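Down below is the structure, laid out as structure tokens.
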Amino acid sequence: MPPETTTRLGVGLGWRSEIDTVVERQPGLDWVEVVAENICADHLPDSLTVLRERGVTVVPHGVGLGLGGADLPAPGRLARLADAALALGSPLVTEHLAFVRAGGLEAGHLLPVPRTRDSLRVIAENVRIAQEQLPVPLALENTAAQLAWPDDEFSEGEFLAELVERTGVRLLIDVANLHTNRVNLGLDPAAELDRLPLEALAYVHVAGGRLVDGVWHDTHAHPVTEPVLEILAELCARTAPPGVLLERDANFPPPSELAGELDAIRRVLEGSTRR
């Protein structure tokens, strides 16, 4: 069942080594998220140490655990994620509900999982194993997709709801990914939000992308668009998110532009009226 207590995070920004000092100097920043595979627990970047000493919460975000695959979670990968959480004093860790490897081959992308009963059974067991090995709660992120499996038995919202029911895992909802799936797959973000157990919400991702030949690419390298902020507002009309984080992975803009995007997120949070 969904967890009874959730850490209140506020408004945050993804920490990247290329903009470490920009993140440090960003006014009004409540927390940051760091890609777990990009740090070593026994030798943290100075910038993260500065932020932690300032009282800024740091959450490790994994990209390589591969909980959506048929293989059991690799003990080494789980240990690294656990070590990062302990070194950073994090209240939780997050990962993607995605398929990333099979037979020793890496996909190089966060691929959507087949949403079938068999897949649900396997993924629930993988999640339970991860939860047992991690020192803090785990939250899973919905993925952006450019394809859908032909034999899906659940919508994404239904699949995530069932997974929460079976494991008690928390959710990291990426509203930019919901927009991606609307453009690429014709899915209705509002309908998916209605299907989600938002009482399990840990926090929210917001990110930019771009349209290329009719396909939306979740680049994390372009400004956040108004449709993504509208989905954030839809979510906020249903629940008060414990945290919202802006992701940017490349093509970094001037600090003033990042501050402007964070302010846009704050305006959505401040202006939302819950149903």
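Treat the numbers as computed from the prediction; the structure is a model and nothing was measured.
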ask   = Cluster question for you: counting only ILVMFWY and a side-chain heavy-atom cut-off of under 4.5 Å, with indirect links fine, are Leu65 and Ile39 together?
value = yes
message = Would you say that Asp174 contacts Glu247 through its side chain, given a criterion of any heavy-atom pair below 4.5 Å between the two side chains?
response = yes
ask   = At what distance, to the nearest 0.5 angstrom, does CD of Glu24 lie from CG of Asp46?
value = 9.0 Å
request  = Kindly indicate, with the supporting measurements, whether the criterion side chain to side chain contact (heavy atoms under 4.5 Å, CB included) is fulfilled by Arg52 and Leu88.
outcome  = CA-CA 8 Å; Arg52 288 190 63 227; Leu88 293 166; 4.0 Å; yes
task = Starting from the C-alpha separation in whole Å, work towards a yes-or-no answer on side chain to side chain contact (heavy atoms under 4.5 Å, CB included) for Leu193 and Leu196.
result = CA-CA 5 Å; Leu193 289 173; Leu196 289 169; 4.1 Å; yes
query = At their closest point, which heavy atom of Ala124 faces which heavy atom of Leu163, and how far apart are they?
reply = CA-CD1, 3.7 Å
task = Rounded to the nearest 0.5 Å, what's the gap from CZ on Phe154 to CD on Glu162? Could you check?
result = 6.0 Å
key: Check against side chain to side chain contact (heavy atoms under 4.5 Å, CB included), Phe159 and Val113   = CA-CA 10 Å; Phe159 194 85; Val113 300; 4.1 Å; yes
inquiry  = Using a 3.5 Å distance criterion without hydrogens, assess whether the side chain of Asn184 forms a donor-acceptor pair with backbone atoms of Val215.
reply    = no
note = Value for CG (Leu44) from CG (Leu51), rounded to nearest 0.5 Å, stands at 11.5 Å
key: Salt bridge Arg266-Glu270, side-chain N to carboxylate O under 4.0 Å   = no
message = Is the shortest side-chain heavy-atom distance between Glu261 and Pro223 below 4.5 Å?
response = yes
query = Rounded to the nearest 0.5 Å, what separation is found between the CZ atom of Arg166 and the CD1 atom of Ile123?
reply = 10.5 Å
request  = Enter the distance from Leu67:CG to Arg77:CZ here, rounded to the nearest 0.5 Å.
outcome  = 11.0 Å
ask   = How many angstroms lie between atom CG of Leu29 and atom CZ of Arg54, to the nearest 0.5 angstrom?
value = 9.0 Å
key: Any side-chain heavy-atom pair of Tyr203 and Val244 under 4.5 Å   = no
ask   = Honestly curious: do Val59 and Val32 fall in one hydrophobic cluster under the side-chain, below-4.5 Å linking rule?
value = no
task = Could you check if a side-chain atom of Glu153 sits within less than 4.5 angstrom of a side-chain atom of Arg117, using non-hydrogen atoms only?
result = yes
Single-linkage hydrophobic cluster, 4.5 Å side-chain cutoff, Leu97 and Leu78 together = yes
inquiry  = Are Leu269 and Val204 linked, directly or through intermediate hydrophobic residues, by side-chain heavy-atom contacts shorter than 4.5 Å (ILVMFWY only)?
reply    = yes
inquiry  = Quick check against the 3.5 Å criterion: does Trp31 have a side-chain atom that pairs as donor or acceptor with the backbone of Gly10?
reply    = yes
ask   = For the side chain of Asp249 and the backbone of His220, is there at least one donor-acceptor N/O pair under 3.5 Å apart?
value = no
task = Could you check Arg16 against Arg248 for side chain to side chain contact (heavy atoms under 4.5 Å, CB included), going step by step and ending with a plain yes or no?
result = CA-CA 8 Å; Arg16 303 294 182 264; Arg248 189 72 177 231; over 6 Å; no
task = Without swapping roles, check the side chain of Glu158 against the backbone of Ser155 for a donor-acceptor pair under 3.5 Å.
result = yes
inquiry  = Looking at every heavy atom in both His179 and Pro227, which two are closest together, and how far apart are they?
reply    = CE1-CB, 3.6 Å
key: N/O donor-acceptor pair under 3.5 Å between Glu192 side chain and Gly157 backbone   = yes
message = Are Thr94 and Leu138 packed together at the side-chain level, in the sense that at least one heavy-atom pair is separated by less than 4.5 angstrom?
response = no
ask   = Is there a donor-acceptor pair under 3.5 Å between the side chain of Asn126 and the backbone N or O of Gly68?
value = no
query = Under a 4.0 Å N-O cut-off, is there an ion pair linking Arg182 with Asp188?
reply = no
remark   = Minimal heavy-atom distance between Ala259 and Gln26, with the atoms involved, is CB-OE1, 3.1 Å
query = Do His205 and Leu246 come within less than 4.5 Å of each other through their side chains, counting heavy atoms only?
reply = no
message = Which heavy atom of Asn181 sits nearest to which heavy atom of Thr143, and what is that distance?
response = ND2-O, 3.2 Å
inquiry  = Can you tell me if Arg210 has over 12 outside heavy atoms packed within less than 6.0 Å of its CZ?
reply    = no
inquiry  = For the backbone of Ala144 and the side chain of Asp218, can you confirm whether one donor and one acceptor N or O come within less than 3.5 Å of each other?
reply    = no
message = Tell me whether Thr167 contacts the main-chain N or O of Arg128 through its side chain, where contact means a donor paired with an acceptor under 3.5 Å.
response = no
key: Note, Arg25 side chain near Thr21 side chain (heavy atom, < 4.5 Å)   = yes
Under-4.0 Å salt bridge between Asp194 and Arg238 = yes
ask   = Of Glu37, Glu95, His96, which is the lone residue that meets side chain to side chain donor-acceptor pair (under 3.5 Å) with His61?
value = His96
message = For a quick test of reading the model, state the closest non-hydrogen atom pair linking Pro91 to Leu9 and the distance between them.
response = CG-CD2, 4.5 Å
query = Is Arg170 reaching over with its side chain to a backbone N or O of Ala200, donor-acceptor style, under 3.5 angstrom?
reply = no
request  = Identify the heavy atoms of Gly12 and Leu262 that sit nearest to each other, and give their distance.
outcome  = O-CD2, 3.5 Å
message = Any non-hydrogen side-chain atom of Leu172 less than 4.5 Å from a side-chain atom of Leu140?
response = no
ask   = For the hydrophobic clusters of this structure (ILVMFWY residues joined by side-chain heavy atoms under 4.5 Å, transitively), does one cluster hold both Val136 and Ile129?
value = yes
